[in-house]
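Index from 1, following the sequence.
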Amino acid sequence: EYRRQRQMCIRDRSEIIELFSRELAKMPELTRAVYQASRQEGLTYQQIAERYNISTRQVASEMQRAYAQLRVPLKDYLPVIGLLFAMLSK
């Protein structure tokens with residue numbers, strides 16, 4: 001049973017990564033860059049604003065846009081995503 005669940009989790013993870021990558025690629029360039037700077041590089045909104053010469057308010061707006069674009073296609077995977085983040089944080 002554990003092995004089967006683990007295989008399902010690995011398959012789901014691959015699907016999620018593929019779906020996430022496709023949705024990220026569809027984003028407008030600035031939205032994608034802001035999202036990646038925040039989530040992958042760990043930059044603050046102030047640092048992102050300085051990098052792209054935009055206001056912190058626009059950074060927040062771009063992040064909201066990114067979340068909205070990711071939320072709908074990934075909604076069915078939210079429980080699995082939560083489990084994956086829990087596993088990765090250990």
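- You'll find the side chain of Gln58 reaches within 4.5 Å of the side chain of Leu30, heavy atoms only.
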Worked verdict on Glu41 versus Arg51 for salt bridge (Lys or Arg N to Asp or Glu O under 4.0 Å): CA-CA 12 Å; Glu41 296 178 47; Arg51 176 185 284 185; 2.9 Å; yes
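- The nearest pair of heavy atoms linking Ala49 to Ser55 is CB-C, 3.9 Å.
- Proximity of Pro28 to Gln69: side-chain heavy atoms (C-beta onward) are separated by under 4.5 Å at one or more points.
- Nearest heavy-atom pair across Ser38 and Tyr45 is OG-CE1, 4.3 Å.
- A heavy-atom distance below 4.5 Å is not found between the side chains of Ile48 and Glu62.
- Expressed to the nearest 0.5 Å, how far OG1 of Thr31 lies from OH of Tyr67 amounts to 12.5 Å.
- Atom CD of Glu29 sits in a sparse spot, with 12 or fewer heavy atoms from other residues, nucleotides or ligands closer than 6.0 Å.
- The distance from the CG atom of Leu70 to the CZ atom of Arg65 is 13.0 Å, given to the nearest 0.5 Å.
- Of the possible polar contacts, one joining the Gln47 side chain to the Thr44 backbone as a donor-acceptor pair under 3.5 Å is found.
- Considering CG of Leu19 and CG of Leu24, their distance stands at 11.0 Å, rounded to 0.5 Å.
- The aromatic rings of Phe20 and Tyr35 are tilted relative to each other, their planes meeting at an angle between 30° and 60°.
- Between the side chain of Ser61 and the backbone N or O of Arg57 there is no donor-acceptor pair closer than 3.5 Å.
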